[in-house]
Number of protein chains: 2
Amino acid sequence: MSATRERPTLEAVARLAGVSRATVSRVVNGSPTVAEPIARAVRQAVAELGYVPNLAARSLVTQRTGSFALIMPEAATRVFSDDQVFPGIIRGVSQELEDADKQLVLMLAGSAAGHERVERYATGRHVDGVLFASLHGDDPLPGRLARLGIPVVSGGRPPGGAQVPYVDVDHVGGVDRAIRHLIASGRRRIATVAGPQDMIAGIERLAGYLAALREADLRSIVAVGDFTRESGAVAMRELLTDDPKLDAVFVASDLMAHGALHALRVAGRRVPEDVAVIGFDDIELATYTDPPLTTVRQPILQIGRRMTRQLLRLAAGEQIEPAVVLPTELVLRDTA
Amino acid sequence: MSATRERPTLEAVARLAGVSRATVSRVVNGSPTVAEPIARAVRQAVAELGYVPNLAARSLVTQRTGSFALIMPEAATRVFSDDQVFPGIIRGVSQELEDADKQLVLMLAGSAAGHERVERYATGRHVDGVLFASLHGDDPLPGRLARLGIPVVSGGRPPGGAQVPYVDVDHVGGVDRAIRHLIASGRRRIATVAGPQDMIAGIERLAGYLAALREADLRSIVAVGDFTRESGAVAMRELLTDDPKLDAVFVASDLMAHGALHALRVAGRRVPEDVAVIGFDDIELATYTDPPLTTVRQPILQIGRRMTRQLLRLAAGEQIEPAVVLPTELVLRDTA
DNA sequence: TTGTATGCGTTATCAC
DNA sequence: GTGATAACGCATACAA
C-alpha cells in the first residue's frame, strides 16, 4: 500500500484476469458481448488492482472527453459578487450536466490572459463543447470556436451579432410589464438604473424601458450601472440629483436595486411612498430587502438547464434552434 | 474554411515547414535548441494551419494535465446561495491558478453520484491535484486520493481527522473576541446560532462560543442552523422562544445573521438596543444589512489563495506544512 | 465470444 | 541542432 504505487493499466488487469486487453476494455465499457464468467473475473481483477481508466488515453482514441466548459467572460469578482445570476446559471448547467453524467469545467475568463487560456483549452479539445454564461461586446471567441467545429451555446443573445445559438429571456416584455405597473399605480417621473451597455441584458432592459416610456409619452431619466450593488447606489444618487422629484425607478438588476434602496434610505426617501422601486432578476435577496423588492423574475436556473440541453444535443450531432427565449414575469412585493 | 475542418496535427505542421515532428514539438514547447530560421518557419506553419496541440495526447506522455480540481462537497444550492464564502474561495483559487497559468476545474459533488464522478475524474488523472473547498463529517475521499499519490489540500481542518494538509482560520480566537466584546458592552444573556455540526466551521465556532461563555460563567443558549439565511431566521425565532429576554446573539455566519436580523425585526426587537448581533465571515452583505453588521472577518480570498499555493508546491514535489492557520478579526459596525 | 494488431497525437531518448 | 523511433494507455476493426 505504498503512497506512490504504480497505476495499474488495462494490461495489468488483463494479465491478472488471464484475458486480453481488449476483453478488459469491453468489460470496463460495459459491452454486452462478453461471457458472464469472464466478465466476473475481469471485474474481480479490476477491483483487486483498483484499476481506473486513464482518461487522457481514452479520449485520445475516442476523440471525446465527457466534459463541457462553462465560460464566464467576467472578472471573478463579478461572477461571485452576491449577485445570484451567474451562480444560478452555474447551478442549472451543473444539474443538467450531472443528469447526463458529464463533467463541468468552469472557466473564468475575465482577464485577457484568462481569455487566451480558455481558447487554448477549448481548441485543445479538452472539452466536448462550450457554454458562454454571458458575452461582452462582440467577443470573437464563440464564433471562432464554432467555426472550428466545437459545439457552442451562448447565454443571452450575443451583443455583437455573432452567429451562435443562444438561450435568452424576454427582457423587453418583462420591463414593459414593470413600467406599465408603475404607471398604473400613478407614477409619472419614472427613472431607470440601467445595466452595462456592452451586455445584452443591459442593452435590452434599457431599450425596454425607453420604449415603454416613449409609448406612455413620459420623459426618461437614465443612469448607468454595471450590475454591482455599489454601482446601483451611485447611480441612484445621480438620479436623485438629476430629478429630486422622481417618484419611481426601474433598476435593471436586483443587486443594483439593493444598492439603490440603500441610497434612497440615506437620502431620506421612503419606499414605496415617495419612490417606487422595481428590480430585475428575482434573486433570493429580493425577499429579504427592506422592504421586500418588487421585481421582474427571470428563470435563471432554467436558462442554465436549457443552454446545457441545447449544447448536449449539438454535441450529439443534432440540429438545434438558433434561439430559445424564456418568459419573464412581474413579481409584486412591497416596493412598488 | 469548412466548419468541420480536420484538426491539424504536429505531423501536418512538420510537413508544411519541411522539418520533423520532433522539431515542431520543440518549437511549440519553447525549447532553446532550435535554430532561429527553422523556428520561424515552424511558427509560420503553425499559424497558417491554426495548429493547437492536442492536450490529451500531450498529457498521456507527460503524465500531467496542467489543470487542478476544486471540489465543493456541497449541493449546488449551498455553494451558490448568496453566501459569499464558497464563491470567495473559488475566486482566491482562481486567481492563484491563473497566476500559475493552470486551469481550474470546478466540481460540485453534493449528490452521491456527483461524489462518485469526482472520484473517477480525479483518479482518472484528469487533474494534477485536488482542492476540497470544505469537508463534511469524515468524508473518505480526500484520504483516498492522497493515498493514491494525488496531491490534495483541504479548506478547513478535516472534521473526521483525515491526514490531509489543510488551510484554515482561527475560528475560536475570532469568536472569543466577539463574545468578549459583547460582555464588555454589558450583555449577559448571550445566545448563539451555530452552524452545521458536521463541518469544521460549524463545530469550531460553537466550541469557541461555549468556551467563552463558560469562562465568563454565563449560561449558553444554542440553536443550530445550516449556514443558510432561512435557517438563521428559524433559529433566531427558536432562541427568542427559549429566552425572550436574550440581549445578544452570536451568529456563526453573516448570511444566517441576515436571516436573524429579519426575524428580530419581525419579532419587534430593536438592534442593537434590545439585542446585539455579531456575525462571522464579513462578506459584502454585512455592509448593507440594516443596520450594518458587526462581524468576525475571515480572510476568505486568502484561504483560497493559500490552499492553491500549498497544492502547487505539493504537486511540484515539495514538502509542505500539514496545517496553515490564518487570523480572524472583529469588525465593529452597528449591530453590536 | 475472444484475441491480435493498429492508431490516436504527443513527448522523450537516442543517434546522427 | 535535428531526425528517427519508441513509448504513453486505451478502443476498435478485423481475424479467428
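The chains referred to below are lettered A, B, ... by the order of the sequence lines, with proteins before strands, and numbering in each begins at 1. Basis for what follows: all heavy atoms, side chains included, without hydrogens, waters or symmetry-related copies.
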Base, sugar-phosphate, or nothing: which does Thr33(B) touch, judged by heavy atoms less than 4.0 Å apart? base

Do any of residues 54-69 of chain B sit with a heavy atom less than 4.0 Å from DNA chain D, and if so which? Leu60(B), Val61(B), Gln63(B)

Beyond-backbone contact of Met72(B) with Met107(B), side-chain heavy atoms, under 4.5 angstrom: no

Find the distance Leu10(B):CG to dT5(D):P and express it as a whole number of Å. 17 Å

State, yes or no, whether a side-chain contact exists between Leu301(B) and Gln95(B) at a heavy-atom distance under 4.5 Å. yes

Do Leu97(B) and Leu312(B) touch side chain to side chain, with heavy atoms closer than 4.5 Å? yes

Return yes if a side-chain donor-acceptor contact under 3.5 Å exists between Arg313(B) and Gln310(B), otherwise no. yes

Less than 4.5 Å apart, side chain to side chain, heavy atoms only: is that true for Met307(A) and Glu96(A)? no

Both Tyr51(B) and Glu36(A) contact DNA chain C. Which one's nearest nucleotide lies toward the 5' end? Glu36(A)

Parallel, tilted or perpendicular for His126(A) and Tyr121(A), by the 30°/60° rule? tilted

Take Asp99(B) and Arg305(B), measure what salt bridge (Lys or Arg N to Asp or Glu O under 4.0 Å) needs, and give me the verdict at the end. CA-CA 10 Å; Asp99(B) 289 352; Arg305(B) 302 196 74 125; 3.3 Å; yes

What contact category does Val13(A) fall into here, base, sugar-phosphate, or nothing, at under 4.0 angstrom with non-hydrogen atoms? nothing

For DNA chain C, which nucleotides open and close the run of contacts to chain A, 5' to 3', at under 4.0 angstrom from a non-hydrogen atom? dT1(C) to dG9(C)

Evaluate the salt bridge (Lys or Arg N to Asp or Glu O under 4.0 Å) criterion for residues Arg43(B) and Glu36(B): first the C-alpha distance (whole Å), next the side-chain angles of each, then the deciding distance (0.1 Å), finally the verdict. CA-CA 10 Å; Arg43(B) 277 192 291 266; Glu36(B) 184 47 30; 2.9 Å; yes

Can you confirm whether Phe68(B) sits close enough to Val93(B) that some side-chain heavy atom of one is under 4.5 Å from a side-chain heavy atom of the other? no

Between CG on residue Leu55(A) and CZ on residue Arg125(B), distance to nearest 0.5 Å: 11.5 Å

Here the residues of residues 20-30 of chain A within 4.0 Å heavy-atom distance, strictly under, of DNA chain D are Arg21(A), Ala22(A), Ser25(A), Arg26(A), Asn29(A)

